[in-house]
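The next block holds one structure in the form of structure tokens; read it before the comments.
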Amino acid sequence: TSIVSSLQYISSGVSSLLLTLNPVAVVLLAHLFLPDERLTRQKAFGVFIALMGAGALLVSGETGLGEFVEADWRGYALTGLALIFGASTTIFAHRTLRTDDAVDVASIRMFSACLILIPVVVFSAGYDLSNVTWRGYLALAYGGLIGGFAAFLLSFYILKRFGATVNSMAT
């Protein structure tokens with residue numbers, strides 16, 4: 001929701017570039033909270049390079065929305081918020097869910113997201129499905145099952161098998 005909301009203030013391209021800092025956030029949080037994933041010199045150098053690139057983007061005030069649109073801090077803040085929450089969930093999952101079944105975790109994650117986001121959508125933007133065709137429902141099912149549930153399963157498998165830092169690279 002934070003990422004989508006940021007698109008009112010910055011372009012999807014700029015938001016995507018900033019979201020590539022996810023591995024940086026995971027590496028730093030893993031160093032603090034996961035004893036088996038410490039910050040090495042190579043990781044520190046990679047973090048430094050990534051932060052320099054993001055810093056150049058922020059200093060330039062680039063929005064990706066054209067020459068007449070000024071940068072708005074809210075777009076960067078919302079993207080940063082999504083970045084921090086996303087990295088935090090990776091660390092939390094690695095610390096606490098190592099012995100849990102991937103299907104159970106992915107199911108609870110999807111169900112919880114639906115419980116939270118459906119009321120948000122209904123009360124903020126409305127929920128009119130009258131113009132949705134069977135192709136739209138098919139696309140929704142595909143996006144939910146393959147783009148959502150299967151992606152969560154794969155992500156959790158990588159997290160359990162290889163760790164938080166490797167998982168952030170795949171994400």
Side-chain angles (χ1 to χ4, degrees), residues 1-39 43-44 46-55 57-58 62-64 71-125 143-171:
T1 304
S2 182
I3 294 168
V4 171
S5 298
S6 76
L7 299 179
Q8 297 176 46
Y9 310 106
I10 58 176
S11 73
S12 60
V14 171
S15 181
S16 295
L17 285 172
L18 293 174
L19 289 172
T20 61
L21 290 175
N22 182 52
V24 170
V26 170
V27 163
L28 295 174
L29 290 174
H31 177 73
L32 294 173
F33 298 108
L34 299 174
D36 57 333
E37 295 196 35
R38 290 288 174 219
L39 189 64
K43 288 180 185 178
V47 165
F48 175 73
I49 296 296
L51 290 175
M52 292 301 296
L57 185 66
L58 292 173
E62 180 60 53
T63 65
D72 191 324
W73 66 271
R74 292 177 287 189
Y76 301 115
L78 288 166
T79 302
L81 186 66
L83 185 69
I84 290 167
F85 278 122
S88 297
T89 60
T90 299
I91 300 302
F92 175 78
H94 186 66
R95 277 187 70 125
T96 59
L97 304 175
R98 291 181 187 184
T99 59
D100 292 339
D101 182 51
V103 173
D104 292 344
V105 173
S107 299
I108 291 168
R109 189 173 181 178
M110 292 289 287
F111 185 73
S112 300
C114 287
L115 284 179
I116 292 167
L117 291 176
I118 288 175
V120 169
V121 169
V122 167
F123 292 117
S124 66
L145 291 174
I146 304 302
F149 189 72
F152 286 149
L153 282 174
L154 182 59
S155 177
F156 190 67
Y157 171 78
I158 293 169
L159 182 65
K160 284 176 65 173
R161 178 119 161 89
F162 301 106
T165 304
V166 173
N167 182 61
S168 72
M169 302 295 179
T171 301

Original post:
For Tyr76 and Val14, which heavy atoms make the closest approach, and how far apart are they?
Top reply: CE2-CG1, 4.1 Å
**OP:** Can you measure from CG (Asp101) to CD1 (Ile108) and round to the nearest 0.5 angstrom?
**Re:** 10.0 Å
Original post:
In Å and rounded to the nearest 0.5 Å, what is the CD1 to CZ distance from Ile10 to Arg74?
Top reply: 12.0 Å
Original post:
Backbone N or O of Leu97 within a donor-acceptor pair of the Lys160 side chain at under 3.5 Å?
Top reply: no
Original post:
Only one of Ser5, Ser6, Ser2 clears side chain to side chain donor-acceptor pair (under 3.5 Å) with Thr79; which?
Top reply: Ser6
**OP:** Taking all heavy atoms of Ala44 and all of Leu39, pick out the closest pair and write down the distance.
**Re:** N-CD1, 3.8 Å
**OP:** Enter the distance from Thr90:OG1 to Ile158:CD1 here, rounded to the nearest 0.5 Å.
**Re:** 11.0 Å
Original post:
Between Leu19 and Leu83, what is the shortest heavy-atom contact and its length?
Top reply: O-CD1, 3.9 Å
Original post:
Which atom names give the shortest non-hydrogen contact between Phe92 and Thr96, and what distance separates them?
Top reply: O-OG1, 2.7 Å
**OP:** Please report the closest heavy-atom contact between Leu34 and Arg95, naming both atoms and the distance.
**Re:** CD2-CG, 3.1 Å
Original post:
At what distance, to the nearest 0.5 angstrom, does CG of Leu159 lie from OG1 of Thr165?
Top reply: 10.0 Å
Subject >> Candidate list Val24, Asn22, Leu28, Leu29, test side-chain contact (heavy atoms from CB on, under 4.5 Å), partner Val26, passing option >> reply: Asn22
Subject >> Side chain Thr89, main chain Gly86, donor-acceptor under 3.5 Å >> reply: yes
Subject >> Close side-chain approach of Glu37 to His94, heavy-atom, < 4.5 Å >> reply: yes
Subject >> Closest contact, heavy atoms only, Ile116 versus Val120 >> reply: O-CG2, 3.3 Å
**OP:** Give, for atom CZ of Phe156 and atom CG of Asp104, the distance between the pair rounded to the nearest 0.5 Å.
**Re:** 9.5 Å
Subject >> Audit row: Asn167, Tyr157, side-chain contact (heavy atoms from CB on, under 4.5 Å) steps and yes/no >> reply: CA-CA 9 Å; Asn167 182 61; Tyr157 171 78; over 6 Å; no
Original post:
How many angstroms lie between atom CG of Leu154 and atom CD1 of Ile146, to the nearest 0.5 angstrom?
Top reply: 11.5 Å
**OP:** Find out whether Phe152 and Val105 are in side-chain contact, i.e. whether some heavy atom of one side chain is under 4.5 Å from a heavy atom of the other.
**Re:** no
**OP:** Side-chain contact test, heavy atoms from C-beta onward, threshold under 4.5 Å: evaluate it for Thr20 versus Ser16 and give yes or no.
**Re:** no
